[in-house]
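Report on one structure; see the data block that follows.
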Amino acid sequence: MFRKTKTRLTLLNASVMFLILTLLGTSMYVYLRTAIIGQIDHAMQTRAAEYTVQRPQMGVYFSQGVAARIASIGTLSMTTSAFERAINMIVWDEELNPLTTLIPERFSPKLLEKLKGSIDATELFNVRHDGEVYRIVNIKITTDNAKRLNFISLQDSDGYIQLISDISTEIGMLNVVLGLIIIGIVFGGGLSVFAGLYLADRALVPIRSSWEKQQQFVADASHELRTPLAVLQTHTELLLRHPDHTIEQDSREISTILNEVRRMKKLVNGLLTLSQTDADKLELQMKPVSLGRLAEQVLEKVMPLASLKDINLSWHVNPNMMVNGDEERLQQLIMIVLDNAIKYTPSSGSVHLSCKVSSGYISLTVKDNGIGVAAADLPYIFDRFYRGDKGRSRSEGGAGLGLSIAKWIVLRHSGKIEASSIQHKGMKITITLPAL
Ligand SMILES: Nc1ncnc2c1ncn2[C@@H]1O[C@H](COP(=O)(O)OP(=O)(O)O)[C@@H](O)[C@H]1O
Ligand SMILES: [Mg+2]
């Protein structure tokens, strides 16, 4: 039944997790790369600023230092402190000939060709050569600036300075990180399928159980409806057997049919209420109501029923006991409990209803000295379609829905309903609601 849903849920879960993993991995890599390359760029731009025209003081200041280093080392691998990056420098004249004394030994002619080809680039860029990666920045040197920088060979012409930093180690490290992230994503992707399966299973537990409950409800309801329908059919068939009979002659059949129709109406109403409660479609009209007064109204209604069975119905209520609730539903609740008490108490028994307030709660108790229920059955009396004595309950017109509706009403009023009973001695139902 749920296989398709489960597959879909699993796929959905797994792809969401995979997407999150990929996003996390990618942003981690991009952040790391930007941070590392950004640092390199910053170092190179700082160095480049030493040669730009826009900062004459700096230029002058550094010119002596740079010149001194060129003189003493002959080649330029400039590091001003032990922690600063090594940045190589190549100076090109106007005809794009490199100042050979400054070229580091490991720079092959092929690399120099590549460098020369990119002399017009204005932004920082990478050059790959022989498995190494270099980060480059070009600086155009004017005659003026060349003079100030003391580049003797450039003194009468324009030229270029190219700052070159070997970033192979950093790129290598970034590649290792990228590899690890990809492995993580692939591995995590595999895991996320299992996790997705597990999550789908977990998510389906409540759905499955409510589906099963619903199935059970429909099955029980149909079963309950079958009996009255069968009775209706047989009795109508009996009527049809004697078309010449008068209504008086068939009055027994007709009254059975009428009783059965009443029973069915009650059952269908109960089913409707429960299906509405399941779908959360029953709105309660909450307002302050006097529980005592409601009880009195219901008592009045059931009085004829009690006197018919010669049951002594007594009560002790106080009209000042107020609760916040739905008047109609609370009446229904009291009716269900009183109806049961009268139904399951033999003639000349007694039923007593009382109300009392204690510590913010109002408790309404209905106590009878009827047949009661066995201790083993007590936990089930609030279940749908549960009937202690099928035969008796049916003859009394119940389908086992009353107390389950009662329980729903009480719960919606933030209260609780409890039952205690001794078999053959009687039953006590206590309803507790928050007082106003
Ligand atoms: N006052 C009572 N005395 C004895 N048994 C009761 C009483 N109230 C409820 N019960 C038991 O609880 C069952 C469920 O009650 P209810 O939900 O109202 O269904 P119904 O009255 O239609 O059987 C009854 O069938 C009966 O066995
Ligand atoms: Mg009942």
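Order of appearance sets the numbers: ligands from 1, and atoms from 1 within every ligand.
- Closest heavy-atom approach to atom 23 (O) of ligand 1 among the candidates Phe382, Tyr386, Tyr344, Tyr380: Tyr344.
- Side-chain contact check for Thr122 versus Asn138: every heavy-atom pair is 4.5 Å or farther apart.
- In this structure, Gly370 has no heavy atom closer than 4.0 Å to ligand 1.
- No donor-acceptor contact under 3.5 angstrom links the side chains of Thr256 and Glu253, judged on distance only.
- With a 4.0 Å cut-off on non-hydrogen atoms, Asp377 does not touch ligand 1 at all.
- Heavy atoms from other residues, nucleotides or ligands lying under 6.0 Å from CD1 of Ile422 number 12 at most.
- A salt bridge links Arg135 to Asp41: one of the charged nitrogens lies within less than 4.0 Å of a carboxylate oxygen.
- Between Met427 and ligand 1, no N or O atom pair is found at a separation short of 3.5 Å.
- Checked against a 3.5 angstrom limit, the closest N/O atoms of Ala399 and ligand 1 fall inside it.
- Atoms of ligand 1 found under 4.0 Å from any heavy atom of Lys343, numbered from 1 in the order shown, are 20 (P), 21 (O), 22 (O).
- By the 6.0 Å contact criterion, CD on Gln276 is enclosed, its count of non-hydrogen atoms from other residues, nucleotides or ligands being greater than 12.
- Against a heavy-atom cut-off of under 4.0 Å, Ala341 is close to the following atoms of ligand 1: 1 (N).
- Remark: ligand 1 atoms within the under-4.0 Å shell around heavy atoms of Gly388 are 24 (C), 25 (O), 26 (C), 27 (O).
- Residue Arg387 touches ligand 1 through backbone and side chain together, judged by heavy-atom distances below 4.0 Å.
- Salt bridge annotation for Arg263-Glu260: present, with a cationic side-chain nitrogen under 4.0 angstrom from a carboxylate oxygen.
- Under the side-chain hydrogen bond (donor to acceptor under 3.5 Å, both in side chains) rule, Arg329 has a single partner from Gln332, Gln331, Glu327, which is Gln332.
- The shortest N/O to N/O separation between Val373 and ligand 1 does not fall below 3.5 Å.
- Salt-bridge annotation for Asp278 and Arg384: present, with a side-chain N of the basic residue lying under 4.0 Å from a carboxylate O of the acidic one.
- If you look at Ser421 next to ligand 1, there are no close heavy atoms at all, none under 4.0 Å.
- For ligand 1, one of its N or O atoms has an N or O atom of Gly400 under 3.5 Å away.
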